[in-house]
Amino acid sequence: MPINVEPLRKILQLEGEKGYLDSAVIGGLDRFLHRWTAQATQAVTSPQLLRQFQRLQLTNSNYASLTKEQRREWVSKVFAFLPELEKVEVRPSAEGIVAAPPVKRRPSAVKGQKVAGGSIDSPITTLKGVSTALAAKFKRLGVETIRDLLYFFPHRHLDYSQRKYISQLTEGEEQTIIANVWEAKVAMPGGRRSTEAIVGDETGNVRVVWFNNPYLAKRLPTNTRVVLSGRVGLFSGRLVFESPEWELLEDKELIHTGRLVPLYPLTQGLHPRQVRKLMKQVVDQWAWQVEDFLPPELRQRCNLLGLPQALAQAHYPEDEAAKDRARLRLAFGELLVLQLGVLTRKRDWQESQPGNPFNIKTPVPDAFIKSLPFELTAAQHQVLGEILADLKNPRPMTRLLQGEVGSGKTVVATAALLVGAASGYQGAFMAPTEILAEQHFANVCQLLSRAGEQVSEEDNLRSFSGLLSHPLTVALLIGGISQARKQEIQQLITSGDIDIIIGTHALIQEGVEFKQLGLAVVDEQHRFGVAQRSALRQKGFNPHVLVMTATPIPRTLALTLYGDLDLSVIDELPPGRQVVKTKWLKQSQRDSAYAFLRKQVAEGRQAFIICPLIEESEAIEAKAAVAEYERLSNEVFPDLRLGLIHGRMSVAEKDEVMHRFRSGKLDVLVSTPVVEVGIDVPNATVMLVESADRFGLSQLHQFRGRVGRGQEQSYCMLLSQNPSEIGRERLDIIEKTHDGFQLAEEDLKLRGPGEFFGTRQSGLPDLRMAKLSDVALLELARDEAIRLFEQDPNLKKSEHSLLAKELARVWQHGEAEWS
Ligand code: ADP
Ligand code: MG
């Protein structure tokens, strides 16, 4: 039923023309108004609009008793209200539900108006009604100042915005009605002292029960107008509102019902209604005092809400669209500040000290590449080009090189190290474990032996002639070698006689003295953070840094966590690589999995078995692994040679077992997931993972990458007892997908960034509104940050002063770590 505004307009007009004598309509205006309003309000579904009816006294007008002047005033007010009414769209939906139109709500506090007492950074106890006891509860939620409160966002909103008539209520749903209280009394349903009420509207009556809350009865006298939002249940065949949120329909804004109602994180002793009330007060009073740190020009270009509006709408949104816009704005702000921070970090790293420009015109890398038994892939060429372009600059490179296991990162890194050596610099190549360092040493030497001629071979030291004007010398420096030999090698490093030093990250941590360190290559980025880079610098070196990782990091995450690094990606594998056949198996297929493994071993292959992930502690995990190893050795594979590694073993013990496996003295390696199994064993063709549904996709992909490194077809078997829905989804994806980057993206979607990659440990400010899956928004923020940086590198311009302040505020905690 649409609202027919025209008759009222005509009558009011006529009334004005006749001089406000209450003569425009026979029987008087009040009678007319009464009928007209009764009809009109039937169509009105929005509580806000209904309140307007009341405020204008349309529902119970008393025109006859007003003075002429009062009549004139009143008529003009009603006139002003009519266009708003006309905008109301009344469209019954399929079920005959009338949709409430969005209502414009004005902020109760006027923007710019200063509130006496306190600033936005004052403790919340300066707020009216906040005691020290209440403040202590908020402190547990990390809220101490008024600003904290403004940024204390609801984790979600309940949609109570759609009003229904009582006749339209359906069982089992969250619904909102506006009704008249006929009677409210204390009752004892099920022996619990509760409040029971009967309420009604134009279409019928309904019973309401508030369990365990007898006090409410007194607050709902007969004939109060209430808004109720909540679930409707069925009791002995009749609909009942069960403990709904309630609110009097008075002359103030609804906060618990009839709208999008915020749900805040709570703690012991904090109640939803109390928090909502306080938040409304704070938002109305303080959101408008927050200065927007985004320059207006930027805000306009990106079409973003102002900060005060965004804060207000994030808490008490007008509708879903407004809520989304608010989140967008707030998320953008966070991401922009984040990007500005990482860019500053990068600049400080690159510009505070001069670096070492390499001579990239040298023919050495070309000679090296020509000597390889294969052609570089297009992706390898591309990435090498990007690296060389960095190396020729006096600014130190900080580049992250991503590429799947086996994509050929080591070859590219070796070429870069050769350019350094040809330019007279030393290079360090660091791996996370000793066995991986040994593997790199073997690989690099093997690659070099084709380009040059090996002229000497000592313990942990090789020299190659024919590449440089002097013999190129490569050393391996790890814990396993004798103290005396270590010292000799250290001497040679200090005197500059060794060009390339391969070792673990201890190379830089334990004070190896380089003569002239020009390039540091770091394998596996997540153990080589900002702190390590700073350590390098403190030793007076400012080398180019190339960080390599086989753990694919989704682009968004890379831009965020490693936004201070430039990104290169090898996105193709050398031709002819086999696909590891992957299958997830149910518990009932365990025996056939073991049989398959046994068959492979009989054919001379080797296998990995990964024990289940146990999160409690490494000690418990180790214990479980020992038990599983014993079970497998005694009951399942008594005739095979099994080895075990877990995180509680010493480095030497682990290396011992790894070596035996690699040299073929073990058939099966049983391992806990925490242990680095990043070794290259081309003869291993079977990877069996227990409780596979508990691992992330990226991790499963890493496990799978341990096999398929040789000529033989390889297999990955994923055992899973009783996967959850999400676990099942993951297993299906990993069966079908072999692209690590795609898997990483899926992983991020399924698990969220926190789990994917401990963002906590990254030293970055936390993000409340931004999601790392917001690729487009993140890229926009990055573009804008770069633009700002180009225009005003130190944010010195007056229009950027608020932004500079915000940057300092947000980044103040992380600063010490990397400056
Ligand atoms: P990553 O370090 O990315 O895991 P590696 O550099 O160790 O990969 O390369 C894995 C294997 O592939 C090595 O044996 C290497 O010699 C070989 N390889 C590297 N690049 C190519 C290529 N373009 N074509 C064929 N084989 C390659
Ligand atoms: Mg590698």
Side-chain angles (χ1 to χ4, degrees), residues 365-387 399-418 427-433 435-452 464 474 476 500 502-504 519-528 546-553 567-580 662 676-685 687 698-699 701-712 714 738-741 743-744:
D366 270 348
F368 168 68
I369 287 164
K370 282 214 188 76
S371 77
L372 295 172
F374 45 74
E375 292 280 314
L376 288 192
T377 61
Q380 281 172 312
H381 270 299
Q382 159 86 23
V383 162
L384 184 58
E386 288 165 4
I387 292 170
R399 192 167 278 280
L400 178 64
L401 172 56
Q402 295 187 45
E404 293 250 9
V405 168
S407 62
K409 297 184 294 292
T410 314
V411 180
V412 172
T414 307
L417 287 163
L418 282 176
F429 191 170
M430 291 172 277
T433 64
I435 189 146
L436 287 173
E438 279 179 69
Q439 204 170 283
H440 281 322
F441 181 66
N443 284 346
V444 169
C445 289
Q446 211 234 325
L447 291 170
L448 289 175
S449 65
R450 296 174 146 270
F464 303 88
V474 184
L476 174 68
I500 298 172
I502 299 176
T504 65
L519 170 62
V521 176
V522 188
D523 201 8
E524 291 306 327
Q525 93 297 339
H526 56 280
R527 301 170 198 221
F528 192 81
L546 180 66
V547 179
M548 306 201 295
T549 176
T551 310
I553 305 168
L567 195 57
S568 286
V569 180
I570 302 184
D571 55 4
E572 73 183 303
L573 289 175
R577 283 286 151 84
Q578 56 162 299
V579 169
V580 176
R662 191 152 63 155
E676 187 73 46
V677 283
I679 50 165
D680 209 350
V681 185
N683 191 44
T685 55
M687 166 61 67
S698 297
Q699 209 174 354
H701 186 60
Q702 286 296 311
F703 291 146
R704 180 166 61 185
R706 297 296 133 222
V707 296
R709 300 168 80 91
Q711 298 303 311
E712 308 296 331
S714 295
H738 291 264
D739 175 338
F741 282 89
L743 287 170

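Note that ligands are numbered from 1 as they come in the structure, with each ligand's atoms numbered from 1 the same way. Hydrogens, waters and symmetry mates are skipped; everything else that's a heavy atom, side chains included, is used.
- With 3.5 Å as the limit, one finds a donor-acceptor pair spanning the side chains of Glu386 and Ser568.
- Listed here is the closest heavy atom pair of His738 and Glu404: O-OE2, 3.8 Å.
- Looking at ligand 1, you'll find an N or O of Gly406 within less than 3.5 Å of one of its N or O atoms.
- A side chain to side chain contact (heavy atoms under 4.5 Å, CB included) with Ile502 is found for one member of Val521, Leu417, Asp523, Val474 and no other, namely Val474.
- Annotation: side chain of Glu438 is in contact with side chain of Leu476 (closest heavy-atom distance under 4.5 Å).
- For ligand 1, the atoms lying closer than 4.0 Å to a non-hydrogen atom of Thr377 are 23 (N).
- With contacts defined as side-chain heavy-atom distances shorter than 4.5 Å, the pair Phe368/Leu448 qualifies.
- For ligand 1, none of its N or O atoms has an N or O atom of Phe374 under 3.5 Å away.
- Close approach of ligand 1 to Val411 is summarised as follows: ligand atoms under 4.0 Å from at least one heavy atom of the residue are 6 (O), 19 (C).
- No hydrogens or angles considered: a donor-acceptor pair under 3.5 Å links the side chains of Thr377 and Gln380.
- Look at Met548 and you'll find every heavy atom at least 4.0 Å from all atoms of ligand 1.
- Of all the atoms in ligand 1, the ones that sit under 4.0 Å from a non-hydrogen atom of Leu376 are 23 (N).
- Below 3.5 Å of separation, one finds an N or O of Arg577 facing an N or O of ligand 1.
- With sequence neighbours excluded, the residues forming a side-chain contact (heavy atoms from CB on, under 4.5 Å) with Asn683 are Arg605, Gln606, listed by chain and number.
- Taking a cut-off of under 4.0 Å to the non-hydrogen atoms of Glu404, the atoms of ligand 1 that pass are 3 (O).
- Looking at Thr410 against ligand 1, both its backbone and its side chain come within 4.0 Å, counting heavy atoms.
- Residue contacts with ligand 1: Glu375 is placed with a nitrogen or oxygen under 3.5 Å of a nitrogen or oxygen of the ligand (distance criterion only).
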